[in-house]
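Comments concern the structure below.
Everything numeric here is computed off the predicted structure, so don't read it as measured data.
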Amino acid sequence: MAGRKFYLTTAIDYVNARPGLHHAYEKTGADALARFHRQRGDEVFFLTGTDENATKNEQAAKEEGLTTRELVDRNAAEFQRLCQVWAISHDRFIRTSVDKDHKKGVQEFVRRWVENGDVYPSTYEGLYCTRCEAFYEEDDLVDGRCQFHPNNPDAVQRVKEENYFFRLSRYQDALRELYANDPGFTVPDIRRNEVLGWFERGLRDVSVSRGRNLEWGIPWPGEPGHTIYVWFDALINYVTGIGFGTDEKTFARWWPADVHVIGKDISRFHCIYWPAMLLAAGVPLPKRVFVHGFLENRAGRLSKSSGNTIDPFDFATAYGVDAARYLVLREAPFEKDSPISTDAFAQRYNADLANGLGNLVSRTLAMVARYFDGSVPAPCEGASERAVREVAEAALRDHDAAAEKLAFADALAAVFTLVDEANKHFQRTQPWQLAKDPAKRAALGGSLYAGLEAVRIVAYLLAPYTPGTSARIAEQLGVPAPDAARWAEVAKWGVLREGHRVRAGEALFPRLETPTAAA
RNA sequence: CGCGGGAUAGUGGAGCGGCACCACGUCGGGCUCAUAACCCGAAGGACGAAGGUUCGAAUCCUUCUCCCGCAACCA
């Protein structure tokens, strides 16, 4: 796969609240995939950003005594800071209310619908919650109030307006065909099955504009007073972010997306609406939509509306960025829902990072320093060394197979089989005993060499998840930084040369003595 | 009967027709190079409830209970 282009996206985030751990989770998963592909030699474009054109931002701003612009800028900055703190390596952070190319591209996209006869005006009358920005049926309301905003008596209003509707129904057969021909379009299967279920109930045309002379939002082309419904403007970011409607050369280079990484709550939009929207605009479809699961705790799911989020900035500070990234991806398999808890994170930190990886690096380099004065000994492969080598070779294979599928918990587990094997290897060969007998010098060197190679390979394999730590280990080993190394040259056993200098460093992951206090 | 997913050792998971497995935690032992870390061993569950199919069921079927998600708020 070396040398191919790889374009991936995350969902863009609503700016009506602060970032939660779930935002960091999605971005970290996507980031690990981006870094994984770069490391294997692919050319990667990684897009993330904020979804800023929701009308509710106007109201939220009013309540805080700010202009809409001020509120949106302030909150968008928090999401950008999140990306910095969590070491997200995106190539572009798109802002839908700011970036001119987005606005222009969206209007071009809609213009194509119009040309294609896929939108038509129609009168819509119904109960509209201005807080949700959604229409509801009478049955959905509780005492005449929105069930999600019961404290806002004025939130629900009866509105009647001219809207443009998108002919979603026209694409039902094309979408069925897509799902029949390409079972991998939506993964994992559990999410695909949900999508198939939606088809069974049929697809209705959807309103894609708002006609209430809104100040905020992207104007409908040639139709003053109408704005493009925020959901549709948001989805189009995936093409405008790489030049659709403004830079066709760049667009042609990156599109179609190799994968859209999203949460399961918005799979309807990405798995049904988005492909139909693209078909209507005459744009090729993305290759895959990966629907990740949710972080859950006993207080219920983590979400903006329930307000039980773990602060992602505090979390990263408490554990360190690399550990934080490792913990969310290891504890919460990307492909499904997972319960999380601060206790589980803390235990995982000590077990895997402090006692496992950190201690292995520490003991290995300490022994090389003590017994060989920091100079790499000659390889000397006995039964134990061979076992380590074989586990390393399996880890390289198994990691990549899992990472390709975005199964990061499995991918990380594969890497840690090598950490465990190296620790067992030292117990088997007992270099501290061999060191007492000058006649066993070669065996001693061989044991430590195998340990060093294990550490080196682990560091490279973990680079997509723990970029800072991997770089530190590479530095201690005096080998090329993970960002700079050619994968084919480092991803194999036996690269370190006899006499090469290595040095011990500070503890990579200090053990937490009171685990529960960490977060 | 709106659709879908679950219920397995203290916790989190795997297994999905044939001796109930893994990780963490706990307990006991060993080692001493290392971040009181590492290694070895043990205890602990008969798999939500009831019924059925089968030589044999966490694993298939039926009913039930309880969770969760979706059904134009939400990653």
Side-chain angles (χ1 to χ4, degrees), chain A residues 10-14 16-17 19-27 29 51 54 56 126 129 131-137 140 146-149 190-191 193-198 200-201 204 206-207 229 231 261-269 273 291-296 300-306 309 330-333 336-341 343-344 346-348 350-371 409 413 416 420 422-428 430-435 447-448 451 504 506-513 515:
Chain A
T10 66
I12 54 176
D13 301 308
Y14 259 40
N16 61 346
L21 188 64
H22 55 281
H23 293 109
Y25 177 60
E26 175 173 304
K27 290 178 194 299
D51 175 11
K56 73 176 95 171
C129 175
R131 307 288 297 191
C132 299
E133 288 200 61
F135 284 97
Y136 289 110
E137 300 298 325
D140 294 328
C146 171
Q147 57 181 310
F148 305 108
H149 300 98
I190 179 177
R191 311 270 77 110
N193 290 340
E194 280 180 3
V195 174
L196 297 180
W198 293 330
E200 296 311 311
R201 274 161 285 154
R204 291 183 312 190
V206 289
S207 165
Y229 178 38
W231 249 113
V261 174
I262 62 160
K264 62 179 184 175
D265 55 321
I266 54 176
S267 68
R268 185 186 185 87
F269 285 95
Y273 294 7
V291 186
H292 71 249
F294 283 142
L295 306 178
E296 296 170 339
R301 65 193 283 200
L302 300 155
S303 74
K304 280 183 273 193
S305 30
S306 53
T309 56
R330 185 71 178 85
E331 277 292 297
K336 59 188 178 186
D337 295 344
S338 307
I340 58 163
S341 72
D343 279 1
Q347 288 187 349
R348 175 69 75 179
N350 271 350
D352 290 7
L353 299 178
N355 300 349
L357 175 59
N359 184 54
L360 175 67
V361 172
S362 175
R363 69 193 302 204
T364 304
L365 290 173
M367 285 191 281
V368 174
R370 179 185 294 208
Y371 304 134
F416 273 76
D420 290 343
N423 274 323
K424 286 185 173 70
H425 161 70
F426 283 145
Q427 191 59 221
R428 288 191 301 252
Q430 309 215 348
W432 50 91
Q433 294 297 342
L434 298 174
S447 171
L448 296 185
E506 296 290 300
L508 297 170
F509 298 104
R511 191 180 155 79
L512 302 171
E513 294 305 336

- Message: Heavy atoms only, 4.0 Å cut-off, all strands: where does A/P339 land among base, sugar-phosphate and nothing?
- Response: sugar-phosphate
- Query: Does any N or O in the side chain of A/Y25 come within less than 3.5 Å of the main-chain N or O of A/A332, such that one atom is a donor and the other an acceptor?
  - Reply: yes
- Remember a base hit wins even if backbone is also touched, and classify A/R428 as base, sugar-phosphate or nothing at under 4.0 Å, heavy atoms. nothing
- Message: Between A/T364 and A/L360 (side chain of the first, backbone of the second, donor and acceptor by atom type, cut-off under 3.5 Å), is there such a pair?
- Response: yes
- Is there a donor-acceptor contact under 3.5 Å linking the side chains of A/R511 and A/N359? no
- For A/A366, report the nucleic acid contact type (base, sugar-phosphate, nothing); a contact means any heavy atom under 4.0 Å. sugar-phosphate
- May I ask you to say what A/L508 touches in the nucleic acid, namely base, sugar-phosphate or nothing, with a heavy-atom cut-off under 4.0 Å? base
- Nearest-0.5 Å distance that lies between atom CZ in A/R363 and atom CH2 in A/W432: 5.0 Å
- How long is the line joining CG of A/D420 and C1' of B/A37, in whole Å? 13 Å
- Item | Separation of atom CD1 in A/I266 from atom P in B/C73, rounded to whole Å | 13 Å
- Expressed in whole Å, how much space separates the P atoms belonging to B/A50 and B/U59? 13 Å
- Task: Provide, to the nearest angstrom, the distance between the CH2 atom belonging to A/W198 and the P atom belonging to B/C70.
- Result: 10 Å
- Just how far, in rounded Å, is P of B/G30 from CH2 of A/W432? 16 Å
- Taking for A/F509 and for A/I262 the nucleotide of RNA chain B with the nearest heavy atom, the one nearer the 5' end belongs to A/F509
- Message: B/U32, OP1 or OP2 - any side-chain N/O from A/Q433 closer than 4.0 Å?
- Response: yes
- Gap in Å between the two P atoms, one belonging to B/A58 and one to B/A20, rounded: 8 Å
- B/C74 phosphate, OP1 or OP2: any side-chain N/O from A/W231 under 4.0 angstrom? yes
- Dot-bracket summary - RNA chain B, pairs being Watson-Crick or G-U whose distances fall under 3.5 Å, with | when paired to another strand: .(((((((.[[[[.)..(..]]]].(((((.......))))).....[[[[[..)....]]]]])))))).....
- Message: Is there a side-chain contact between A/K336 and the phosphate of B/G4, meaning an N or O under 4.0 Å from OP1 or OP2?
- Response: no
- Task: Give a yes or no answer on whether the side chain of A/H22 reaches the backbone of A/L295 with a donor-acceptor pair at less than 3.5 Å.
- Result: no
- Task: May I have the distance from A/D337 (atom CG) to B/G12 (atom C1'), rounded to whole angstrom?
- Result: 14 Å
- Query: Given that A/N193 and A/N423 both sit by RNA chain B, which one's nearest nucleotide is further toward the 5' end?
  - Reply: A/N193
- Message: Between B/G15 and B/G51, how many Å separate the two P atoms, rounded to a whole number?
- Response: 28 Å
- Query: When the C1' atoms of B/C61 and B/G69 are considered, how many whole Å apart are they?
  - Reply: 26 Å
- Message: Suppose you measure atom P in B/A57 against the same atom in B/C19; what distance do you get, rounded to whole Å?
- Response: 13 Å
- Message: Does B/A71 count as syn, meaning its glycosidic angle lies within 90° of 0, or as anti?
- Response: anti
- Using the C1' atom as the reference point in each nucleotide, state the distance between B/C67 and B/A72 in Å, no decimals. 26 Å
- Syn-anti status, with the boundary at 90° from 0, for the nucleotide B/A23: anti
- Pairwise C1' distance, B/G5 and B/G41 [rounded to whole Å]: 39 Å
- Tell whether A/N359 reaches the base of B/A34 with its side chain through a donor-acceptor pair below 3.5 angstrom. yes
- Message: A/L448 vs A/F426, test: side chain to side chain contact (heavy atoms under 4.5 Å, CB included). Steps then yes/no.
- Response: CA-CA 8 Å; A/L448 296 185; A/F426 283 145; 4.0 Å; yes
- Query: Within less than 4.0 Å of OP1 or OP2 of B/A37, is there a side-chain N or O belonging to A/R511?
  - Reply: yes
- Query: Does a side-chain N or O from A/R348 land closer than 4.0 Å to OP1 or OP2 of B/U11, or not?
  - Reply: no
- Rounded off to whole Å, could you give me the CG-to-P distance for the A/D352 and B/C22 pair? 17 Å
- Item | Flag, side chain of A/E26 to backbone of A/A11, donor-acceptor distance under 3.5 Å | yes
- Note on the structure: Nearest heavy-atom contact between A/D337 and A/F294 is OD1-N, 2.8 Å
- Query: Roughly, in whole Å, what's the span from CG in A/N355 to P in B/A23?
  - Reply: 15 Å
- Quick one: does A/D51's side chain have a donor or acceptor within less than 3.5 Å of a partner on A/I12's backbone? no
- Note on the structure: Taking every heavy atom of A/E194 against every heavy atom of A/S267, the minimum-distance pair comes out as OE1-OG, 4.3 Å
- Query: Expressed in angstrom and rounded to an integer, what is the separation of A/K424 atom NZ from B/A37 atom P?
  - Reply: 17 Å
- Query: P atom, B/C64 versus B/C74: distance in rounded Å?
  - Reply: 34 Å
- Note on the structure: The nucleotide from B/A72, B/C74, B/C33 with an atom nearest the side chain of A/R370 is B/C33
